[in-house]
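Position 1 is the first residue of the sequence, and the numbers go up from there. Hydrogens, waters and symmetry mates play no part in the numbers below; they use all other heavy atoms, side chains included.
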Amino acid sequence: MLKKWCALALVLLCWSPAAALADIIINEVMASNGVYENEKSYDWVELYNDGKKTVDLSGWFLSDGKKNLQKFTFPKGTKLKAGGYLTVYCTGEDEIDPGKGSTFYATFSLSADGETLYLSDANVKLVQSLKYPAQYGNVSYGMPLGGGEYGYFENATRGKKNESVVYSGRTEAPVIRTAGGFYQESVLVEAQAPRGAVLRYTTDGETPDAKDREFPAEGLLIDRTTPLRVRAFREGEVPSAAVSATYFVGDEQLTPIVSLVTDDQYLFNRKTGALVKGSGDTPNYAKELEYPVNIEYFNMDGRCEINQMGTFTCSGHSARVNAQKSIALYARKAYGEDSFAFNPFPTRDYTEYKSLLLRAANSDAYATRLRDIVASSLAEGEGLLYQDHVVIQVYINGEYWGHYNLREKINKHFIAQYEGVTDEKAIDSIDILARTGTDRFTQNGDNEDWLELADFCKKNDLNIPENLAFVEERLDIDSLFTHAAYEIILGNVDFTNVRVYRVPGGKWKYLLFDVEACWRNLDKTPLEYYIKPVSGKIQGFRHEPLNALLNVPEYKAKFLTRVAELLETKFQWPYVEGVFDEVIAQLEPILPRHIERWDNMKLKNWYTNISATKYYARVRPRKIPELLQKAMKLTDAEVETYFGDVLRLLEVTNAREDND
């Protein structure tokens, strides 16, 4: 009997928590993650249970600091079953939900320069320390399947079995010595390999692998428009990053060009492609999938201003169902550079961009393809933030993809540039809200102050000085009035496209966004959504701040004066027509090829739509005083005071033509 009890005690000892410690290992680390979702990418640490029993990790710790082993604590109830995997995302964010199940979130971040990770049990007894070296972008580091020395993996395998082979380093990238760009005839492309490496290449956008053709020592002859990708392979190392260049042979440029080169699995694959519907309940293009892509920008002189890896995702909302989809581009450090170090936009003086937008004209795709960029351009110099544009053409993997409008992308970095915010924490704290500003429409930051402000305007009389002071301290009223004036004058019937923002320590401001549903009629829309009782139903955006201020005589006068100023300057037809004609001159030469590519419009219809749009852009400003008089119950004397002179001017400059 004594022998049996001793044997049982030995078994219990073997399966005690202390004995199980060695079964939990730091299995894989990603310290320079290039996988993004909703513009976020967290580095991660993967744990693996190499034992035969489930281990309770409640109260265990993970840290990257020897002096503080308790940076992250696994919540109560955390268990890792035998053969199971667990991920801790290292966010670098001060406050975040710690997570549960097999996915957790720590507040510390990982260093791509290399550091030591510490895994400790609930008694702060060290289970494992792992010192990892400097990391490569989007390359993971871990233990090979079956055990052995840690090393770099060719492919990250978070949540799955690790690869059985690890490498000591990564091969340097090759150099394509022949510049991409425009050639009248065939071009012999030369490339240089790192010492001891073999170059392999593709011409269809796919990332070269070990099975692809070896790059010819004498060079590669290219005789048609081709996306070239080259990669270096050296024994014992992770293959290099792919380098790319696009060669346009016999193609006429006409506009600046953006060339995108990436794997088909990221574009059109039914299961994973970001530009297709796919087979699931949620369309692929609505999943905010962000994938690696090589991005080249060729200016009007044919000079390549950027050629770098970044990421892309399908952009927009309802218009994503269109065959030609809008595409957002991001510079990501994991793929090389964290910015696009150039500025293609004529009215900006920035030196770089974090992100860009290839806009496919969206709901205006079958009509004019220019309403939004022309209308937005009219806000230049008026203290209202808007997205600048360049008319471009796009190629994807060497295939012509048609006309796009290159735009600035609205996000925290876009706001920070305009407002001169440079501190990273302040940039992260910029508030950007859409429509009503509820949680559903919070793009970045926090909406609490905005909702409080809107509700205050709804419930309080701003003719009382202290109430008015409360609003003046929080809201940039000039921005509000200018935005409302533009929307009303333009006649933007898609009135839900209202966005507000605030930088830390600043006031709420408005930005002009997505006004392509303008210049379609002469009726009052969207004025009835802007000018309405403060207590009226909220429709698309918070109307209370504007209308509460319009109940204050001095601000009513200021708003009407602002509308008159814009009618007199930015909406005089000779000025507006000049903006139209500049864009039309850029579009006319490229539309035949665009139409041939997409077969979704006819050129004669485009001319008809342009004519109609110009008509509304010329005539609508003359209608605004009359519409405001009805909406705001203005007297004839008030109309004369604010709009008399400008109406007489517009009757000359914006007069209807005889053939209208």
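Here Lys412 does not pair with Asp431 in a salt bridge; the nearest charged N to carboxylate O distance is not below 4.0 Å. The pair Arg622-Glu651 fails the salt-bridge criterion, with no side-chain N (NZ, NE, NH1 or NH2) lying under 4.0 Å from an Asp/Glu carboxylate O. Under a 4.0 Å N-O distance rule, the pair Lys509/Glu419 qualifies as a salt bridge. Between Lys425 and Asp428 there is no salt bridge, since no side-chain N of the basic residue sits under 4.0 Å from a carboxylate O of the acidic one. With salt bridges taken as basic N to acidic carboxylate O contacts below 4.0 Å, none links Glu565 and Lys558. Remark: Asp476 does not engage Arg502 in a salt bridge, criterion side-chain N to carboxylate O under 4.0 Å. Here Asp523 does not pair with Lys623 in a salt bridge; the nearest charged N to carboxylate O distance is not below 4.0 Å. Salt bridge absent: Arg499 and Asp514 never bring a charged side-chain N and a carboxylate O closer than 4.0 Å.
Stacking of Arg303 on the aromatic ring of Phe298 is not recorded, the 6.0 Å distance cut-off and the 45° axial limit not both being met. For the pair Arg618 and Tyr615, the cation-pi criterion (under 6.0 Å, within 45° of the ring axis) is not fulfilled. Judged by the 6.0 Å distance and 45° axis criteria, Lys325 is positioned over the aromatic ring of Tyr285. Seen from the ring of Trp401, Arg597 counts as a face-on cation partner, given the 6.0 Å and 45° thresholds. A cation-pi contact, defined as under 6.0 Å to the ring centre and within 45° of the axis, is absent between Arg348 and Phe414.
Taking the six-membered ring where tryptophan is involved, the planes of Phe541 and Tyr530 are tilted, since the angle between them lies from 30° to 60°. Taking the six-membered ring for Trp and thresholds of 30 and 60 degrees, His594 and His403 have ring planes more than 60 degrees apart, a perpendicular arrangement. Between Tyr89 and Tyr105, the ring planes lie parallel to each other; the angle is under 30°, not in the 30° to 60° tilted range. Ring-plane geometry between Tyr291 and Phe312 is classed as tilted, the angle between the planes lying from 30 to 60 degrees on a 0 to 90 degree scale.
There is a side-chain donor-acceptor pair under 3.5 Å between Ser259 and Thr246. Donor-acceptor pairing under 3.5 Å is lacking for the side chains of Gln629 and Tyr642. Residues Thr525 and Glu528 bring a donor and an acceptor atom of their side chains to less than 3.5 Å of each other. Judged purely by distance below 3.5 Å, without hydrogens or angles, the side chains of Asn343 and Thr351 never pair a donor atom with an acceptor atom. A donor-acceptor pair shorter than 3.5 Å can be found between the side chains of Tyr353 and Glu408. Using modelled atom types and a 3.5 Å distance limit, the side chains of Arg320 and Ser326 yield no donor-acceptor pair. With no hydrogens or angles considered, no side-chain donor-acceptor pair links Thr313 and Glu290 at under 3.5 Å. If you check the side chains of Asp388 and Thr347, you find a donor sitting under 3.5 Å from an acceptor. Side-chain N/O atoms of Asn492 and Asn497 include no donor and acceptor closer than 3.5 Å. Looking only at atom types and distance, the side chain of Tyr335 has no donor-acceptor partner in the side chain of Gln308 under 3.5 Å away.
When ring centroids are compared, Tyr330 and Phe340 stay outside the 6.0 Å threshold. In this structure, Phe456 has its ring center under 6.0 Å from that of Phe470.
The closest side-chain heavy-atom distance from Ile392 to Leu358 is below 4.5 Å. With a 4.5 Å cut-off on side-chain heavy atoms, Leu549 and Leu480 count as touching. Looking only at side-chain heavy atoms (C-beta outward), Arg407 and Leu356 stay at 4.5 Å or farther from each other. With a 4.5 Å cut-off on side-chain heavy atoms, Thr107 and Glu95 do not count as touching. Side chains of Leu451 and Thr436 form no contact here, defined as non-hydrogen atoms less than 4.5 Å apart. Using a 4.5 Å heavy-atom threshold, the side chains of Asn444 and Tyr501 count as separate.
Residue Glu448 places its CD atom among 12 or fewer non-hydrogen atoms of other residues, nucleotides or ligands, all under 6.0 Å distant. Within 6.0 Å of NZ on Lys524 lie no more than 12 heavy atoms contributed by other residues, nucleotides or ligands.
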Stepwise, does the side-chain hydrogen bond (donor to acceptor under 3.5 Å, both in side chains) test hold for Asn447 with Asp439?
-> CA-CA 7 Å; Asn447 64 359; Asp439 288 344; 2.9 Å; yes
Full working for side-chain contact (heavy atoms from CB on, under 4.5 Å) between Asn307 and Tyr297 = CA-CA 7 Å; Asn307 182 347; Tyr297 181 87; over 6 Å; no
Yes or no on side-chain contact (heavy atoms from CB on, under 4.5 Å) for Tyr266 and Leu275, after CA distance, side-chain angles and deciding distance?
-> CA-CA 8 Å; Tyr266 303 138; Leu275 300 186; over 6 Å; no
Derivation and outcome, salt bridge (charged side-chain N to carboxylate O under 4.0 Å, His left out), residues Glu337 and Lys354 | CA-CA 10 Å; Glu337 303 296 331; Lys354 293 286 189 180; over 6 Å; no
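Side-chain atoms of Ser41 come within 3.5 Å of backbone N or O of Val35 as a donor-acceptor pair. At distances below 3.5 Å, at least one donor-acceptor pair connects side-chain atoms of Ser479 with backbone N or O atoms of Tyr510.
Atom NE2 of residue His543 and atom OG of residue Ser535 lie 7.0 Å apart, to the nearest 0.5 angstrom.
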